[in-house]
Amino acid sequence: MESQRAKKNRGSYNCGRCGLPKKGHVCQIPLDVPTTPVAMESESFIAAVSSSRSTVRSFPTPPSSHLRRALSFDDVEVHDTLDDSDLEAAATLDLDPHLDLDTVQPGLPAMCLWEVLRRLPPSGLTMAARVCKGWRETTRRIWKAAEELRIGVPERVQAGYIGSLLQKCPGLIRLSLRMESDLDATTMACIAFSCPNLESLEISMSGSAVNRITGGELGRFIADKRCLTSLKMEGCSNLGGFVLCSSSLSTIWLSDLHSLSRMVFNCPSLREISLEFSCQEGDSTDLITMADGLGRTCSRLQNIHIASLKLSHAVVLALTAANLRGLRMLSLVLGVEITDASVAAISSTYTNLELLDLSGSSITDNGIRMICNVFSDALSKLFLARCPNITSSGIQFATAQLTLLELMDCGMTICDPSSENSTPEKMFSNKQHLIYQKMFIKHNRLKKLSLWGCSSLDALFLNCPELKDLNLNLCSNLNPKTLTLQCSKLECVHASGCEDMLIEAVQHQVWENSVAATNQLPRKRLADGSKRVQAPQLLSQQSHEDETGKRRRLEKHGCNIIV
């Protein structure tokens with residue numbers, strides 16, 4: 001009898017606030033404080049795979065990565081919180097591997113516990129491991145089954161903690177780090193040692209964190225990781241120069257580059273490359289030699305993004321001489337020396353481009369005409385932001401000729417030279433810039449249109465039935481009386497920095513479009529065919545049949561106006 005009482009009172013009752021056993025315990029946490037420790041500026045995400053391909057999910061927080069999506073526009077991330085104590089606790093979960101977990105508690109199968117715990121955020125998962133041996137073993141298995149891990153590394157966290165945490169995930173394939181502390185060779189060595197099967201690595205820098213990785217250290221890391229296919233890294237100002245050799249690497253993004261002595265990519269499987277250089281003066285990087293080498297060592301390239309003040313017509317000629325036959329996306333940003341001659345070289349070599357970004361260049365309306373003549377049946381995304389030599393006539397011509405166009409950005413193009421957002425060095429056209437310009441666009445496939453900062457735009461007429469996103473930020477001279485929006489599917493309008501009357505006109509027209517779409521009811525004749533009458537509302541409700549044959553009413557989305 002005494003042994004049974006001892007077994008009963010041994011303790012499975014825990015404190016509801018801190019999770020510790022109640023026996024002999026005085027909880028120091030007040031009732032109104034959340035039980036899960038949360039670091040507001042750190043984040044993490046774990047994707048675990050079990051026999052049913054389950055995933056550890058948690059409450060999302062807004063993404064804070066500053067890594068530019070050079071050639072992608074729909075990346076949405078989910079993040080969770082993990083603070084210093086969670087990193088240390090997760091790194092010390094050494095458990096008995098022979099523990100039997102057919103039933104972790106009376107009447108609770110292990111699979112049920114798995115389904116519950118895998119839905120916890122990493123911080124909650126770490127606290128659950130402190131409850132009992134059964135829960136700890138289940139959490140250990142969840143960590144072991146993880147294939148994707150996203151961590152926000154706070155300040156003053158040693159690399160040993162990160163390495164110990166990564167060792168708990170031997171099957172890790174994708175790793176994303178948001179560094180609030182400095183990144184050095186020790187951290188990269190921990191990643192290389194703890195993740196032997198790593199395929200994707202993304203490192204973004206936050207706050208005052210500094211990336212201290214050199215070109216030699218980056219080259220050795222890539223050479224050792226033979227499974228690595230994607231590398232994205234911010235803050236690469238200390239590389240100095242590099243030689244990257246990999247037979248598996250297919251995607252590489254490097255930002256904040258500056259004054260590289262050499263840049264060699266010996267990656268035969270490389271398909272996407274993004275190089276962003278800092279806008280500091282005195283950059284001595286030789287982009288011509290780099291572009292010339294891409295044709296010899298990276299012949300499978302499909303997407304190229306380069307942002308640098310050193311871009312010139314000579315760099316474009318080197319890229320065209322490389323003759324990358326599979327090239328589909330070309331983005332050359334901030335190249336003031338890129339002219340219509342550069343457009344002619346691009347259009348004569350790469351005729352199958354689907355995306356072209358020449359933002360910040362010196363091309364004119366003649367360059368747009370060359371683009372339309374060659375890419376009329378191929379181009380779906382065109383970016384011409386900060387091109388002050390382009391007028392509204394060139395933009396209208398592009399939308400009329402490019403029948404497959406879905407996304408277009410003309411921000412700061414039709415810009416008033418006297419406005420605050422325009423600087424004298426950007427106005428290098430020989431022709432006098434028109435202060436007031438009108439734009440008439442009619443397109444059947446255009447979905448996103450950006451006219452941000454077009455302060456010289458006076459009148460705007462849009463007849464785009466598929467348009468969903470419209471950016472009119474800082475269109476300060478746009479006349480509300482000359483604004484016409486015939487866009488029935490418009491979901492979002494950005495109008496920050498616009499006059500109040502213009503914002504009211506946008507709201508009024510968006511409301512009228514929604515009412516007109518609602519009142520478009522079919523009509524029918526009477527039995528004698530004498531006259532037409534409006535069909536009853538029940539007969540005019542739009543619906544469709546899904547795969548199961550059930551009829552469902554189509555949902556109509558409202559339009560958001562962001563001021």
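Side chains are part of it too, since the values below use all heavy atoms of this structure and drop only hydrogens, waters and symmetry mates. Positions are given from 1 along the sequence.
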Checking side-chain polar atoms at under 3.5 Å, does [X] have a donor or acceptor matched by the opposite partner on [Y]?
X: Glu276; Y: His305; value: yes
X: Thr187; Y: Asp184; value: yes
X: Thr364; Y: Asn389; value: no

Keeping the roles fixed (side chain from [X], backbone from [Y]), state whether a donor-acceptor pair exists under 3.5 Å.
X: Ser456; Y: Cys415; answer: yes
X: Ser248; Y: Leu228; answer: yes
X: Ser392; Y: Lys438; answer: yes
X: Ser348; Y: Ala345; answer: yes
X: Asn473; Y: Ala495; answer: yes
X: Asn373; Y: Arg369; answer: yes
X: Ser476; Y: Ser455; answer: no
X: Asp182; Y: Val210; answer: yes
X: Ser380; Y: Glu354; answer: yes
X: Thr251; Y: Ser230; answer: no

Query - Result of checking Val316, Leu356, Asp357 against Leu332 for side-chain contact (heavy atoms from CB on, under 4.5 Å) - result: Val316
Query raised in the report: Of Leu175, Leu231, Thr229, which meets side-chain contact (heavy atoms from CB on, under 4.5 Å) against Leu198?
Result: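 Single pass found, and it is Leu175.
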Query raised in the report: Arg174 and salt bridge (Lys or Arg N to Asp or Glu O under 4.0 Å): which partner among Glu148, Glu202, Glu199?
Result: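 It is Glu148, the one option of Glu148, Glu202, Glu199 that forms the salt bridge (Lys or Arg N to Asp or Glu O under 4.0 Å) with Arg174.
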Query raised in the report: Quick one: ring pair (Phe, Tyr, Trp, His ring centres under 6.0 Å) partners of Phe265, sequence neighbours excluded?
Result: Phe242
Spacing of [X] atom [atom1] and [Y] atom [atom2] [to the nearest 0.5 Å]:
X: Thr349; Y: Leu319; atom1: OG1; atom2: CG; result: 10.0 Å
X: Lys447; Y: Cys487; atom1: NZ; atom2: SG; result: 14.5 Å
X: Met370; Y: Asp365; atom1: CE; atom2: CG; result: 11.0 Å
X: Phe461; Y: Leu483; atom1: CZ; atom2: CG; result: 10.5 Å

Requested in this report: Please say whether more than 12 non-hydrogen atoms of neighbouring residues, nucleotides or ligands are located less than 6.0 Å from CD in Glu499.
Outcome: no
Query - Residue list, side chain to side chain contact (heavy atoms under 4.5 Å, CB included) with Ala341, at least two apart or on another chain - result: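 Only His313, Thr339 meet the side chain to side chain contact (heavy atoms under 4.5 Å, CB included) criterion with Ala341.
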**Report entry** Student check: side-chain heavy atoms of Ile414 and Ile395 closer than 4.5 Å
**Finding:** yes
Query raised in the report: Any Lys/Arg nitrogen of Glu406 or Arg445 sitting under 4.0 Å from an Asp/Glu carboxylate oxygen of the other?
Result: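 Result for this pair is yes, salt bridge flagged.
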